[in-house]
Each structure stands twice: as C-alpha cells, then as structure tokens.
Amino acid sequence: MNELAEIKKILADFVSGTASNDTSNVNLPPSGKEYLTVDEAAALIGSKRSYIYKLTHEKRISFTKPGGNRVLIKRSDLLDWVEANRIKSQKDVQNDVEEFMKNSRRPGRKAPKR
C-alpha cells in the first residue's frame, strides 16, 4: 500500500506542475564569463549538451581544448553563431527588398511610374 501512496503523490505532483524537470537544475553562466563549459553553453542557448558536442565535432562553432580534454567555448563565438543562423521575418525580407530596389537604380534612369 505504501507504493500506491507514493505513486499517487508522484501523479499529483505531475498534474499540479510541481514535478522537477531535468533543465530546472541548470543555471545560466554569469554574464561576465568569457569562456563557457559545454553545460553552460547548452544552458545559454537552451539546448542539450550533446548538441553542443555535435557542433564542436562538426567544427560549426569555434572552441578550445586547454590541456587537451576539456572543451571551452568563447561566449562571443557562440552568440555570433546563434545570430548567423537567424531566420528573417517576412517584414525584414520586404524591407531588404525595398532597400535594394531603392539603391540599385542606375544613374540617369527615372523611377517607373505607378
């Protein structure tokens, strides 16, 4: 009967939302820290450790291995990588097209009449 009471408590905690998550224990790194561990890098961008290791293995982000075994990632390199993979919104694309069209007219040509 003790097991049944424990199962009921676990279910009650899960339903009420108080069950612990694996990511709740992960703390973000301090903002002044220049080099991040794999765990800190994963927490910063909201991914898993395995994804950070995959990125380093494929050399898609820069990293350093002082002493040959511990992977450290420079915060600015990680944030640059995140920004480089940004997908523009429809409005941003439209603004880019309008800016291109405005600046791409050859000198001496008049703008088309509307």
Side-chain angles (χ1 to χ4, degrees):
M1 196 68 168
N2 191 11
E3 289 179 28
L4 183 59
E6 188 175 332
I7 292 172
K8 285 182 180 180
K9 181 178 179 342
I10 292 171
L11 283 173
D13 288 345
F14 180 76
V15 170
S16 67
T18 59
S20 63
N21 294 331
D22 292 340
T23 58
S24 63
N25 296 333
V26 177
N27 294 327
L28 291 175
S31 61
K33 192 171 180 183
E34 185 177 4
Y35 285 92
L36 307 174
T37 64
V38 172
D39 290 329
E40 292 168 338
L44 183 63
I45 65 170
S47 69
K48 294 182 178 182
R49 295 177 69 214
S50 60
Y51 184 64
I52 299 297
Y53 279 121
K54 178 181 177 182
L55 293 174
T56 59
H57 175 75
E58 295 173 352
K59 294 183 176 54
R60 291 171 51 194
I61 59 173
S62 300
F63 64 98
T64 184
K65 290 178 80 171
N69 50 357
R70 187 174 183 199
V71 174
L72 295 177
I73 301 166
K74 196 170 186 178
R75 178 188 291 266
S76 59
D77 290 343
L78 182 63
L79 296 177
D80 289 345
W81 176 82
V82 168
E83 187 62 28
N85 289 293
R86 182 176 171 263
I87 306 297
K88 291 186 176 186
S89 69
Q90 195 70 18
K91 186 177 180 180
D92 289 343
V93 172
Q94 183 64 32
N95 289 340
D96 289 348
V97 168
E98 289 173 2
E99 188 68 26
F100 175 79
M101 294 300 290
K102 185 170 49 171
N103 294 329
S104 68
R105 291 195 182 99
R106 288 186 279 178
R109 290 190 71 179
K110 295 181 181 178
K113 294 183 181 180
R114 293 184 182 216

Q: Please report the interatomic distance CZ(R49) to OG1(T37), rounded to the nearest 0.5 Å.
A: 8.5 Å
Q: Between Y35 and L79, is there a shared hydrophobic cluster once you connect ILVMFWY residues whose side-chain heavy atoms come closer than 4.5 Å?
A: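 Different clusters.
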Q: Between I52 and L72, is there shared hydrophobic-cluster membership here, with clusters defined by ILVMFWY side-chain heavy atoms closer than 4.5 Å?
A: no
Q: So D92 and R86, salt bridge (Lys or Arg N to Asp or Glu O under 4.0 Å) or not? Walk me through it.
A: CA-CA 12 Å; D92 289 343; R86 182 176 171 263; 3.1 Å; yes
Q: May I ask you to check whether over 12 heavy atoms, not counting those of K48, lie within 6.0 Å of atom NZ?
A: no
Q: Between OH of Y53 and CD of E58, what distance do you get to the nearest 0.5 Å?
A: 15.0 Å
Q: Could you grab the distance from atom CG of L44 to atom CG of D39, nearest 0.5 Å is fine?
A: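 That separation rounds to 12.5 Å.
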Q: Side chains of D77 and W81: does their closest heavy-atom pair fall under 4.5 Å?
A: no
Q: Supply the atom-to-atom distance I73 CD1 to R75 CZ, rounded to the nearest 0.5 angstrom.
A: 11.5 Å
Q: In Å, rounded to the nearest 0.5 Å, how long is the span from CZ of R70 to NZ of K65?
A: 12.5 Å
Q: Under 3.5 Å, is there a donor-acceptor pair between the N103 and E99 side chains?
A: yes
Q: Going by atom types only, do Q94 and Q90 share a side-chain donor-acceptor pair under 3.5 Å?
A: no
Q: How far does CG of L55 sit from CG of L78, to the nearest 0.5 angstrom?
A: 8.5 Å
Q: Going by heavy atoms in the side chains, are V38 and T56 under 4.5 Å from each other?
A: no
